Asker: 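My questions will all concern the structure given below.
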There are 2 protein chains.
Amino acid sequence: MMILTAPERAALDQLGERERSVRKGMTLVRENERSTELYALKSGMLIAFVLLDDGSRQILRFIFPGDLTGMAVIAFGKAPHALLALADSVVVPIDRTQVADIVFRFPRVALALAALEQVERATLTDRLAGLGRMSARARVAAVLLDLRDRIRRQDENTGDTFALGLTQEEIGDATGLTAVHVNRMLRQLEEQGLIARSGGRVTLLDEARLMRSANHVDRLAAVDLSWLPGPSEA
Amino acid sequence: MMILTAPERAALDQLGERERSVRKGMTLVRENERSTELYALKSGMLIAFVLLDDGSRQILRFIFPGDLTGMAVIAFGKAPHALLALADSVVVPIDRTQVADIVFRFPRVALALAALEQVERATLTDRLAGLGRMSARARVAAVLLDLRDRIRRQDENTGDTFALGLTQEEIGDATGLTAVHVNRMLRQLEEQGLIARSGGRVTLLDEARLMRSANHVDRLAAVDLSWLPGPSEA
DNA sequence: CGAGTACTTGAAAGATCTCAAATTAGGTGG
DNA sequence: CCACCTAATTTGAGATCTTTCAAGTACTCG
């Protein structure tokens, strides 16, 4: 996605000295917990979520290998949301002072990181609009498309069939629905010939129609960093 | 909020050479419009929103004087959402190349800007959780509290009574509700003694209870940048 | 094989929306 | 300052969407 110089790459690689394994179902960070680390996910899958007073959970984001999460510690020194491993995972903790160090030494990398943050922010606002203004059916379709995009980004060979890696309860916590209603919406999408399901795997049968009903945009695919000042100017 | 050195301040001040006035009701930027500028709001009020296929609108954010908006152009070179003036406003356009310049020359300022972005991101996720998991009543209460916080930040003298500056339609577009239902929720909050209304002004009568029912957090108030490397190290 | 978790389905309750109409508020030209 | 015009608010009634509760079925892991 971006072309970095050798020293820039080296600096990024250096960040990942330590690794930390997290078992499926384990909490990596609790909400409001004091922390100055962010995390790069090497393998597995995480969710970022918040718990509301009434005990309900809102999943804010699915985190896939290659994703960074927890940049908020830059501003707060504590985690505004919890991190939970949905699969056995390996993360690389990075302290915020290391981030500051990168910004000082490699401003182009800083801008690239800022761009990544903006991609996530755009994704977040897409989801906001979905929760505010789309039907349950559309929101469920949106999750399916989002997961497919991101699984495919890890594994080029992913076709239209893939394993969700999520329970319907979790889809509900991401879409603001109950597990029961998620189930009904999945069935409806199936009955309408948009998807097929079997053995915990989903097949997107009519991607065009799915994308239309979910207002789907692949934000990461739209990134343009070609305007960044060249390495020579650094 | 942050302590910058004189040259850092000067660089920031320099960004605002030009100004642009926007009349109430005018669109400053359209969704998907090619643009390489972000904006600092000097006076007035803006909303950032997206339109969905069915014509419904989701307001993503209220923008008050002092706010920056449109950092997404760093990644996309186009606006992922529209900007509309809710009041006569004055903005200062800043090109993304100027931002890059700041990052290169003043890394501490870059980190401070990144922190501000994180505050907004946290606010965005708060709203996401609200839309996904909170009742209509709670979401309306949350908007009232949010507006109060931000109006107060502009004008220290703001007490518990303030002018919304929004129609119920707009509150609805922010909370994912219809104007009709917003009206009913306002009335309910009023009947329950949480707020009072008259002449387009709202009074928060029982702030504690409002904050509890809205899961309210003032993210900006929680920022801690004391860990940033001192100016001397720059 | 058994226990627990996830999935599925139905029926009824609850929340929110839609539609329609009446009332109020604000802004403008005379 | 008034009269008018339009936008905003308010209210009711019924429709629609989503949740809740309850129960049964299917999987998965040890």
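What you see is a predicted model; the values in this text were computed from it and never measured. A, B, ... follow the sequence lines: proteins, then strands. Residue 1 opens every chain.
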Asker: Whole angstroms only, please: what is the CD-P distance between B:Glu169 and C:dT18?
Answerer: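 Nearest whole value for this atom pair: 11 Å.
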
Asker: To the nearest angstrom, how far is A:Lys24 atom NZ from C:dT5 atom P?
Answerer: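 To the nearest whole Å, that distance equals 13 Å.
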
Asker: Which distance, rounded to the nearest 0.5 Å, do you find between the CZ of A:Arg150 and the CG of A:Asp155?
Answerer: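 One gets 15.0 Å once the value is rounded to the nearest 0.5 Å.
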
Asker: Of all the heavy-atom pairs spanning A:Val90 and A:Leu41, show the shortest one and how long it is.
Answerer: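 The answer is O-CD1, 3.4 Å.
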
Asker: Looking at A:Phe49, is A:Arg57 sitting on its ring face, NZ or CZ under 6.0 Å from the six-membered ring centre and within 45 degrees of the normal?
Answerer: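 Pair A:Arg57/A:Phe49 counts as cation-pi.
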
Asker: Strictly below 4.0 Å: does B:Arg187 bring a side-chain N or O up to OP1 or OP2 of D:dT10?
Answerer: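 No.
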
Asker: Given atom CG of A:Leu86 and atom C1' of C:dA6, what is their separation to the nearest angstrom?
Answerer: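 One finds 15 Å between C1' of C:dA6 and CG of A:Leu86, rounded.
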
Asker: When the nearest nucleotide of DNA chain C is assigned to A:Ala179 and to B:Val180 on a heavy-atom basis, which residue is associated with the more 5' position?
Answerer: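 Its nearest nucleotide being more 5', the pick is A:Ala179.
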
Asker: Counting the atoms with a prime plus P, OP1 and OP2 as sugar-phosphate, which does B:Gly176 contact under 4.0 Å by heavy atoms, base, sugar-phosphate, or nothing?
Answerer: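 Sugar-phosphate, backbone atoms only, no base.
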
Asker: For a quick test of reading the model: is some side-chain N or O of B:Thr178 closer than 4.0 Å to OP1 or OP2 of C:dC17?
Answerer: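 So the side-chain polar atoms of B:Thr178 do come within 4.0 Å of the phosphate oxygens OP1 or OP2 of C:dC17, strictly under.
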
Asker: Atom CZ of A:Arg139 to atom P of D:dT19: distance rounded to whole Å?
Answerer: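 In whole Å, D:dT19 P and A:Arg139 CZ are 7 Å from each other.
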
Asker: For B:Gly172, answer base if it contacts any base atom (sugar-phosphate contacts may also be present), sugar-phosphate if it contacts only those atoms, and nothing otherwise; contact means non-hydrogen atoms under 4.0 Å.
Answerer: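 Nothing: the residue B:Gly172, judged by heavy atoms under 4.0 Å, touches no strand.
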
Asker: B:Glu190 has an atom CD; how far is it from atom C1' of D:dT9, in whole Å?
Answerer: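 Taking atom C1' of D:dT9 as the reference, CD of B:Glu190 is at 12 Å.
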
Asker: So, for A:Arg148 and A:Asp160, which heavy atoms are closest and what is the spacing to 0.1 Å?
Answerer: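 That closest heavy-atom pairing would be NH1-OD1, 3.4 Å.
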
Asker: Mapping A:Arg184 and B:Glu170 to their closest nucleotides on DNA chain D, which lands nearer the 5' end?
Answerer: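 By nearest-heavy-atom nucleotide position, the 5'-most residue is B:Glu170.
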
Asker: Please give, in whole Å, the distance from D:dT19 P to A:Arg137 CZ?
Answerer: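 Those two atoms, CZ and P, are 16 Å apart.
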
Asker: Which of these, B:Thr158, B:Val217, B:Asp218, B:Leu144, sits in a side chain to side chain contact (heavy atoms under 4.5 Å, CB included) with B:Asp149?
Answerer: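 Running side chain to side chain contact (heavy atoms under 4.5 Å, CB included) over B:Thr158, B:Val217, B:Asp218, B:Leu144 with B:Asp149 returns exactly one hit, B:Asp218.
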
Asker: Quick one: which of C:dT8, D:dT10, D:dT19 gets closest to the side chain of B:Asn183?
Answerer: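 Of C:dT8, D:dT10, D:dT19, D:dT10 is nearest to the side chain of B:Asn183.
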
Asker: If each of A:Arg197 and A:Arg133 is mapped to the nucleotide of DNA chain C with the nearest heavy atom, which maps nearer the 5' terminus, i.e. the 5' end?
Answerer: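 Its nearest nucleotide lies further toward 5', so the answer is A:Arg197.
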
Asker: Indicate whether OP1 or OP2 belonging to C:dT8 is found under 4.0 Å from a side-chain N or O atom of A:Gln168.
Answerer: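 Affirmative; the distance criterion is met.
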
Asker: Would you kindly give the CD-to-P distance between A:Gln188 and D:dC17, to the nearest whole Å?
Answerer: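 After rounding, the gap between these two atoms is 9 Å.
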
Asker: What is the separation between atom CG on B:Leu189 and atom P on D:dT10, rounded to the nearest whole Å?
Answerer: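 After rounding, the reported distance stands at 13 Å.
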
